[in-house]
Amino acid sequence: MSQEINEQQNKETDLGALREQIDQIDRELVRLYEERMEVTDRVGAYKIRTGRKVYDKERERAKLEAVRELAHSDFTKKGVTELFGQLMSMSRKRQFAMLENAGLPGRTPFIEVEDLDRENVRVVFQGEEGAYGHAALVSYFGENVNSFHVPKFRDAMEVIAEGSADYAVLPLENSTAGIVADNFDLLVDFENYIVAQEIVPVEHVLMALPGTSIDEIDRVISHPQALAQCEGLFQEFRNWDAVAYGNTALAAKKVAQDQKKNQAAIGSEFAARRFGLEVLRRHVNDQDANATRFMIVTNQRVFVKGARMISICFELPHSSGTLYNILSNFIFNDVNMTHIESRPIPERSWEYRFFIDFEGNLNEPAVRNALRGIREEAINMKILGNY
């Protein structure tokens, strides 16, 4: 028994010695890291004086190849490549901060405005009158704004691109159904920019002609997705026929036009008011926590003073670690990323474009530093809006 105890004590002594050795190496690594960053500062100062770019892609590639050759095994070759990649990434971020401190923050083509004009404007939305997009428009711009609707998302973007409308209201994502993928792609295709957002709760109601009793109903029409979201209602009224229709607003419009008391529609209370229908029951969708985020888009590069959300998109070189390096710009600058989405690039198989939302304002130094780093390292970065 005593022999086992002695062996255990010897092992612990050996482990303690090894850990002390690692601690000594780590202290030396920290000292060398700080020394390296001091030299980096001098490099940064030289680049500021001479106007040279911070990111030198070929220099970094050559450096990584050189340090890789200094290692003696496949494992350490891979390790030092990753380690030095991070060291150079930290150096870049430090030099970007130096540019900011030197009063060279870099310009964005966006102009800050006190507020958006919501009265003397023309606004377009996709869909029909009474749709949730129409509700978002009225919620943001008011009932009396000059507005019109078009059948397709692309139509709305084209209208504001050519100047026939000042703003467009388009859905970006739903809290349960996910993103509206086409509209992400359209933000890339057009030089239009997000200037505000409006979140509209998706709260379906059962609506019918005024004076209709719920007992008279035997046919309910709506968009297939809305019908599926109200399964509990159809479990309660098993004799009802659920009839799929183009969208919730058109369903409400049809009920108003047909003037049949046995027919009801499922849609928004906004649509019921729009078409003069009576709400027979509210909150008929099975899940209450459902909302759609709409974007307010214009063809001007402006942002409202105090805007707190930024959307960008970019592409990346097809190589290991590029996304990690891009995202580290947010971490280094203490910027909070709230959403990331990838979309395939149509003209290039198996390559992707990334869409990111993060908190901040284009006037903030930390945000400018993060954007500068991303712009240097990514391909085709575009600021989609600050709102």
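Just so you know, these numbers use all the heavy atoms, side chains as well, and skip hydrogens, waters and symmetry mates. Predicted model only: the values in this text are computed from it and were never measured.
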Show the nearest heavy-atom pair for residues [X] and [Y], with the distance to one decimal.
X    : Y    : result
Q126 : F153 : OE1-CE2, 3.1 Å
E278 : T212 : OE1-N, 4.2 Å
N285 : H204 : OD1-N, 3.0 Å
S222 : T248 : OG-CG2, 3.5 Å
A196 : Y140 : CB-OH, 3.3 Å
N192 : A161 : OD1-CA, 3.9 Å

For a quick check under 3.5 Å, do [X] and [Y] share a side-chain donor-acceptor pair by atom type?
X    : Y    : result
R36  : S91  : yes
E162 : S164 : yes
N239 : D218 : no
Q263 : D258 : yes

Starting at [atom1] of [X], measure out to [atom2] of [Y] and round the result to the nearest 0.5 Å.
X    : Y    : atom1 : atom2 : value
E60  : L87  : CD    : CG    : 11.0 Å
T40  : M98  : OG1   : CE    : 9.0 Å
F354 : E341 : CZ    : CD    : 10.5 Å
L323 : I356 : CG    : CD1   : 7.0 Å
I194 : I383 : CD1   : CD1   : 12.0 Å
F358 : R308 : CZ    : CZ    : 10.5 Å

Any donor and acceptor pair, going by atom type alone, linking the side chain of [X] with main-chain N or O of [Y] inside 3.5 Å?
X    : Y    : value
D185 : D182 : no
N386 : L362 : yes
N183 : L172 : no
S328 : N325 : yes
S311 : D357 : no
N361 : N363 : yes
T81  : K77  : yes

Look at [X] together with [Y] and state whether they make a salt bridge at an N to O cut-off of under 4.0 Å.
X    : Y    : value
R61  : E58  : yes
R31  : E35  : yes
R94  : E38  : no
E173 : R293 : yes

Would you say the side chain of [Y] lies within less than 4.5 Å of the side chain of [X], judging by non-hydrogen atoms?
X    : Y    : answer
K47  : Q95  : yes
M157 : D189 : no
F141 : V169 : yes
F148 : R122 : yes
V335 : I310 : no
L227 : I266 : yes
W240 : V220 : yes
Y167 : L116 : yes

Between F237 and I214, is the side-chain contact (heavy atoms from CB on, under 4.5 Å) condition met? List the steps.
CA-CA 10 Å; F237 296 95; I214 200 167; 3.8 Å; yes

Partner set under ring pair (Phe, Tyr, Trp, His ring centres under 6.0 Å) for F125, not counting sequence neighbours:
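Result, ring pair (Phe, Tyr, Trp, His ring centres under 6.0 Å) vs F125: H134, H149.
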
Residues in ring pair (Phe, Tyr, Trp, His ring centres under 6.0 Å) contact with F234, at least two apart in sequence or another chain:
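With neighbours one apart ignored, the set is empty.
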
Is it the case that over 12 heavy atoms from other parts of the model lie below 6.0 angstrom from the [atom1] atom of [X]?
X    : atom1 : result
N336 : CG    : yes
E236 : CD    : yes
K57  : NZ    : no
R52  : CZ    : no
E119 : CD    : no
E65  : CD    : yes
L18  : CG    : yes
E351 : CD    : yes

Per the ring pair (Phe, Tyr, Trp, His ring centres under 6.0 Å) rule, what does the pair list look like for residues 13-32, sequence neighbours excluded?
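Matches after skipping sequence neighbours: none remain.
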
Do [X] and [Y] belong together in a cluster built from hydrophobic side chains that touch within less than 4.5 Å?
X    : Y    : result
Y387 : V297 : yes
F314 : F184 : no
V255 : V284 : no
I312 : L186 : no
L371 : V188 : no

Within 45 degrees of the ring normal and closer than 6.0 Å to the centroid, is that where the cationic atom of K382 sits relative to Y193?
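Judged by the rule (NZ or CZ under 6.0 Å from the ring centre, within 45° of its axis), K382 counts as positioned above Y193.
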
side-chain contact (heavy atoms from CB on, under 4.5 Å) between L64 and M88, intermediate numbers included:
CA-CA 9 Å; L64 289 176; M88 288 187 287; 3.3 Å; yes

Test F190 against R154 for side-chain contact (heavy atoms from CB on, under 4.5 Å), laying out the working first.
CA-CA 9 Å; F190 290 87; R154 179 172 286 275; 3.5 Å; yes

Could you please spell out the steps behind the salt bridge (Lys or Arg N to Asp or Glu O under 4.0 Å) verdict for E376 and K93?
CA-CA 11 Å; E376 289 284 340; K93 294 174 180 63; over 6 Å; no

Kindly indicate, with the supporting measurements, whether the criterion side-chain contact (heavy atoms from CB on, under 4.5 Å) is fulfilled by L83 and V67.
CA-CA 10 Å; L83 173 63; V67 296; over 6 Å; no

